[in-house]
Amino acid sequence: MPHNADFPPAKKFKPGSVFFRQEKNKPGMLLPRKGTNNNKNVSIDVQRKQLPIHQAKPQLLNQLRQLQNAILIGETGSGKTTQIPQYLYEAGIGRQGLIAITQPRRVAAISLAGRVAEEKRTQLGKLVGYTVRFEDVTSSETKLKFMTDGMLLREAIGDPMLLRYTVVVLDEAHERTVHTDVLFGVVKAAQRRRRELNKVPLKVIVMSATMDVDLFSEYFNKSPVLYLEGRQHPIQIYYTKQPQSDYLQAALVSVFQIHQEAPPSHDILVFMTGQEEIEALARTCRDIAKHLPDGCGSMVVIPLYASLPPAQQLRVFQPAAKGCRKVILSTNIAETSVTISGIKYVIDTGMVKAKRFNPDSGLEVLAVQRVSKAQAWQRAGRAGREDSGFCYRLYTEQEFDSLIPMTVPEIQRCNLAGVMLQLMALGIPDVMNFDFMSKPSSEAIRSAVEHLELLGAVEKKKEQVLLTALGKKMASFPLEPRYAKTILLSPDYACSEEILSIVSLLSVDSVLYNPPARRDEVLAARKKFTSSEGDHVTLLNIYRAFKKVSGNKEWCRENFVNSRNMSLVKEVQAQLREIFLKLNLKLESCGSDTGRVRRCFAHGMFLNAAELQLDGSYLALNTHQPVAIHPSSVLFQSKPAYVVFNELLHTSRCYMRDLCLVDADWLLDAAPEYFGRKLHIAKS
DNA sequence: GAGCACTGC
């Protein structure tokens, strides 16, 4: 961050500064303005008819009736997501079954269902319903079903041809989440299979907000692409004249340049990469805002990122006081998940923090990198939701041109073990050659299958990969395969009650709340739960204490426990327990004998084991790479000979997080062949 | 003695 305190950067930039230049005319980039619809008093029916999509309805229906596959490009505000399902239903298309509309996010599925139910004047859960994890608001009457894409994927395990459905609408396809990408293949296979078996055909409609749909069309047998105009307002794009070496400095300068020139009611949204730099820039902005020249209005700076408590996230929706400008510093949460009205200016640093995956090491790395062109347009679009807007890109037009067109689909950036297991549970005959729209590398696929083989979920027979009985059970849990495996092992150690809780704790965001300013208090409060057996048992102690006080909020505050995440843990635990019992497994508690819990984890998580070396460092046993105990672990000060860990985090070093103390013998027992050649130290 | 973009089953 800039430290030039004697001369606030804002003063360096007079109104009309030449920091930016306007983009050259780019056809198709400045989107046409289409009618206005800000009248909140008009009836729902009138509102529906005012949507841009309404005029296209007859043609659209004509096309959709005939086509088996269609790609639909609809700009923001076209109304496609709420209207298409209704049009189909009203026209009697796909009446023999349900119409599914998938969404990448829960909130979207829930709110869209609510909106459409309102438009149809029915109670939510009747004609129109939704299904997301932990919540199923549908009934036998439901015909239009909004759901998360992950939910449809889960349903497909029990019904690979998706026979309940006659139409599947895959919305927000341009986001290319893992779930959507797997669904592409699943619906395509279901279509073909239904055709072969002379079943009712399955219509698939892929909806995207971006123009890059060649891949979609090609994949779905060259299906036609239909365009829908939106109600996006024109956005003026500016680029910097020179490349910026310090995007944070550039963002700061731009905020104050706009602040000095624009009317105070025009809010600013800045896209940045993470919590730390957002909080730092927020502090700097507030400092500078205190010393602005006369005549310059005030500003309120609001950080926005996912780990912020909900109450603080809501601040972005509160209008600023009259004459005061709202400046929102946000991560990419504001690209899709959070929509803020009143944004006139977007400042795009051009950077994003994103996960990368190395199949060789199995290591995921979170790194700051350039956005894609599609992402840059998505960000710019946030300025034109109610009226025309401006987007200031903190990079040159040449730099923009050199950006990759689309973000690499997540399926090419993640560990595929869970995906491959799910595909096999769906009965896909040849998973190694699954028809992915964007095929992951063969190394990534091979490494995932090898991983599943080591867990005993699959076996290779004559070049064929087959699901084992264990693998089938593993797939029934909504968990990473190694967690599912650990749960399935737990009856052998008579500690399933505890394993179900710990796995639930490990599979949600941290339940530990660590405000840096109250570090000593946190340490003191946590001390009473700390176990020398490691983080797993420590978490278990916290969970047991939480249950003892029935989730008392005051207790959570005193003990620095995130009660929202803890409630989620309870829901996950209940779900896992239900699946566990359905498999007719014996649910027992080990009471205070937590050694059993550690044995079970050693057995289930042996792929994530590390060994203490003579020089005091650690080596991961599967890859032989140097790793270290993360300072947040309760085992940080100690030097156990063997541990299993939950995940590796690559930052300044390669850190193991969430550790469990284990014996070398246990690891050997878990996988004698695998460790026969890897363990150094003889038995103690 | 460190630091976590965002979803989702």
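When reading the values below, keep in mind they use all heavy atoms of this one structure, side chains included, and skip hydrogens, waters and symmetry mates. Sequence lines set the chain letters: A, B, ... in the order given, protein chains first and strands last, and positions in each chain run from 1.
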For atom [atom1] of [X] and atom [atom2] of [N], their distance in whole Å:
X: A:I157; N: B:dC9; atom1: CD1; atom2: P; answer: 13 Å
X: A:E571; N: B:dC9; atom1: CD; atom2: C1'; answer: 13 Å
X: A:M656; N: B:dG1; atom1: CE; atom2: P; answer: 16 Å
X: A:Q103; N: B:dC9; atom1: CD; atom2: P; answer: 12 Å
X: A:L506; N: B:dG8; atom1: CG; atom2: C1'; answer: 17 Å
X: A:D136; N: B:dC9; atom1: CG; atom2: C1'; answer: 14 Å
X: A:E578; N: B:dC9; atom1: CD; atom2: P; answer: 15 Å
X: A:D149; N: B:dC9; atom1: CG; atom2: P; answer: 8 Å

### Message
A cation-pi test, strictly: NZ or CZ of A:R393 under 6.0 Å from the centre of the six-membered ring of A:W377 and no more than 45 degrees from its axis. Yes or no?
### Response
yes
### Task
Test the A:R657-A:F645 pair against the cation-pi criterion, namely NZ or CZ under 6.0 angstrom from the six-membered ring centroid and within 45° of the ring axis.
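Relative to the ring axis of A:F645, which defines the angle, A:R657 lies outside at least one limit.
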### Message
Just by distance, no angles: are the side chains of A:S307 and A:Q275 close enough, under 3.5 Å, to form a donor-acceptor pair?
### Response
yes
#### Entry: Pair A:E277, A:T273: side-chain N/O donor-acceptor within cut-off below 3.5 Å
yes
### Query
How would nucleotides 2-7 of chain B be written as a contact map, 5' to 3', with B for base contact, S for sugar-phosphate-only contact and - for no contact, using protein heavy atoms under 4.0 Å?
BSBBSS
### Under 3.5 Å donor-acceptor, A:R379 side chain and A:N332 backbone
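Side chain of A:R379 to backbone of A:N332, a donor-acceptor pair under 3.5 Å: no, none is there.
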### Query
Are A:F601 and A:H536 an aromatic pair by the rule of ring centers under 6.0 Å?
yes
### Query
How is A:V178 classified with respect to the nucleic acid when contacts are heavy atoms under 4.0 Å: base, sugar-phosphate, or nothing?
nothing
